[in-house]
S.K.: 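I'd like to ask you about the structure that follows.
Quick note: residue numbers are just sequence positions, from 1. When reading the values below, keep in mind they use all heavy atoms of this one structure, side chains included, and skip hydrogens, waters and symmetry mates.
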Amino acid sequence: MSCSRTATALSALASPCRPGRTRPAAGGGGAVTDDSAPAPLTPPTERPTRVVLVLADDLGPAEAANAAAVLALSAALGPDALGRVGVDAEGRTDGAITRHPVPVLRAGRVELADLHARAAAVAEVRSVAFGEVARRSRTHTAYLEDLRRTPSEADPAVGVLLVGAQNRVRALTKRFALFGS
């Protein structure tokens with residue numbers, strides 16, 4: 001079961017719950033509060049890091065969304081989720097990308113909230129929501145500060161990422177159409 005809701009998919013994949021929120025304890029007994037910070041994806045450095053995604057300007061919205069999803073997941077997921085490094089006919093490599101197809105689907109805001117809530121109840125599925133507060137925030141610190149003051153109903157999800165057992169994820173998402181269709 002998961003209740004992730006963070007500013008970026010990169011940090012969200014490292015932490016299953018929104019800090020300070022509770023989730024049912026394993027086995028159904030009581031609740032657990034998760035106040036831990038997400039584990040860093042890379043060792044800390046002395047220099048601040050920045051993540052930038054640049055896409056071809058001739059992509060349509062659906063193609064851009066798919067490229068963004070594949071690239072972000074490829075950067076965030078560990079080596080177990082990545083495929084072999086591809087090599088083109090000239091010997092150049094693009095780096096390893098996720099071996100999982102990433103369909104980008106569309107849903108209304110109410111449907112997104114419902115999807116996130118239903119997915120959170122499925123033990124074999126991890127659900128990460130990206131809300132309006134995160135979308136508007138310029139820094140992770142500002143996001144955390146703003147989110148702390150924002151009631152859940154005032155922070156509707158603009159996107160939900162599901163990762164988990166293929167049959168469970170498919171059952172949760174089969175009614176949604178492809179983005180851009």
S.K.: Taking only residues two or more places apart in sequence, or in another chain, which ones meet Ala117 in a side chain to side chain contact (heavy atoms under 4.5 Å, CB included)?
M.R.: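 So Ala117 forms no side chain to side chain contact (heavy atoms under 4.5 Å, CB included) with any residue.
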S.K.: If you count every heavy atom of other residues, nucleotides or ligands that lies below 6.0 Å from Arg138 atom CZ, does the total exceed 12?
M.R.: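 Count not over threshold, so no.
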S.K.: If you look only at pairs with a residue in residues 156-170, which of them pass as a side chain to side chain donor-acceptor pair (under 3.5 Å), with sequence neighbours excluded?
M.R.: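 Sorted pair list: Glu124-Arg168.
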S.K.: Looking at residues at least two apart in the chain, or sitting in another chain, which of them share a salt bridge (charged side-chain N to carboxylate O under 4.0 Å, His left out) with Asp94?
M.R.: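 Asp94: no salt bridge (charged side-chain N to carboxylate O under 4.0 Å, His left out) contacts found.
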S.K.: Might you work through the side chain to side chain contact (heavy atoms under 4.5 Å, CB included) test for Val163 and Val169, ending with a clear yes or no?
M.R.: CA-CA 7 Å; Val163 178; Val169 171; over 6 Å; no
S.K.: Do Leu115 and Thr173 pass the side chain to side chain contact (heavy atoms under 4.5 Å, CB included) test, and can you show the C-alpha distance, the side-chain angles, and the key distance before you say yes or no?
M.R.: CA-CA 8 Å; Leu115 174 63; Thr173 59; 4.2 Å; yes
S.K.: If you group Ile, Leu, Val, Met, Phe, Trp and Tyr by side-chain heavy-atom gaps below 4.5 Å, do Leu82 and Ile97 land in one group?
M.R.: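 No; tracing contacts between hydrophobic side chains, which count when under 4.5 Å, never links both residues.
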S.K.: Locate the shortest heavy-atom distance separating Leu162 from Ala119; write the atom from each residue and the value.
M.R.: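 Heavy atoms only, the tightest pair is CD2-CB, 3.5 Å.
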S.K.: Counting N and O atoms only, with roles assigned by atom type, does the side chain of Asn66 sit under 3.5 Å from a partner on the main chain of Val102, one being a donor and the other an acceptor?
M.R.: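 A pair under 3.5 Å: yes.
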S.K.: Sequence neighbours excluded, which residues qualify as side chain to side chain donor-acceptor pair (under 3.5 Å) partners of Arg118?
M.R.: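 So Arg118 forms a side chain to side chain donor-acceptor pair (under 3.5 Å) with Asp114.
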S.K.: Could you list the donor-acceptor pairs under 3.5 angstrom formed between side-chain atoms of residues 103-111 and any protein atom two or more places apart in sequence or on another chain?
M.R.:
residue	atom	partner	partner atom	Å
Arg106	NE	Leu178	O	3.4
Arg106	NE	Ser181	O	3.2
Arg106	NH2	Ser181	O	2.8
Arg109	NH1	Glu132	OE2	3.0
Arg109	NH2	Glu132	OE2	3.0
Glu111	OE1	Gly108	N	2.7

S.K.: State which residues pass side chain to side chain donor-acceptor pair (under 3.5 Å) with Arg149; sequence neighbours excluded, sorted by chain then number.
M.R.: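 Only Asp146 meet the side chain to side chain donor-acceptor pair (under 3.5 Å) criterion with Arg149.
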S.K.: Of all residues at least two apart in sequence or in a different chain, which pass the side chain to side chain contact (heavy atoms under 4.5 Å, CB included) check with Arg92?
M.R.: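 Asp88, Glu90.
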S.K.: Could you tell me which residues satisfy side chain to side chain contact (heavy atoms under 4.5 Å, CB included) with Ala62, sequence neighbours excluded, listed by chain and number?
M.R.: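 For Ala62 the side chain to side chain contact (heavy atoms under 4.5 Å, CB included) partners, ignoring immediate neighbours, are Phe179.
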S.K.: With rounding to the nearest 0.5 Å, note down the distance linking CG in Asp155 to OH in Tyr143.
M.R.: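 Rounded to the nearest 0.5 Å, the CG-OH separation comes to 7.0 Å.
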S.K.: Has Thr98 got a side-chain atom pairing as donor or acceptor with His100's backbone, closer than 3.5 angstrom?
M.R.: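 It does hold such a pair.
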S.K.: Any non-hydrogen side-chain atom of Val125 less than 4.5 Å from a side-chain atom of Leu172?
M.R.: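 The answer is yes; the side chains approach within 4.5 Å.
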S.K.: Which atoms form the tightest heavy-atom contact between Leu112 and Gly159, and what is the distance?
M.R.: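 Smallest heavy-atom distance, with atoms named: CD1-N, 3.9 Å.
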S.K.: Where the side chain of Glu145 meets the backbone of Ala142, is there a donor-acceptor pair that is under 3.5 Å apart?
M.R.: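 Pair absent, no side-chain N/O of Glu145 close to backbone of Ala142.
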S.K.: What do the steps show when you test Leu161 against Leu73 for side chain to side chain contact (heavy atoms under 4.5 Å, CB included), and what is the final call?
M.R.: CA-CA 10 Å; Leu161 171 76; Leu73 286 172; 4.0 Å; yes
S.K.: Got Phe130 and Val160 here, is their nearest side-chain heavy-atom distance under 4.5 Å?
M.R.: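 Side-chain contact under 4.5 Å: no.
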S.K.: Sequence neighbours left out, what passes salt bridge (charged side-chain N to carboxylate O under 4.0 Å, His left out) with Arg99? Give chain and number order.
M.R.: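 With sequence neighbours excluded, Arg99 shows a salt bridge (charged side-chain N to carboxylate O under 4.0 Å, His left out) to no residue whatsoever.
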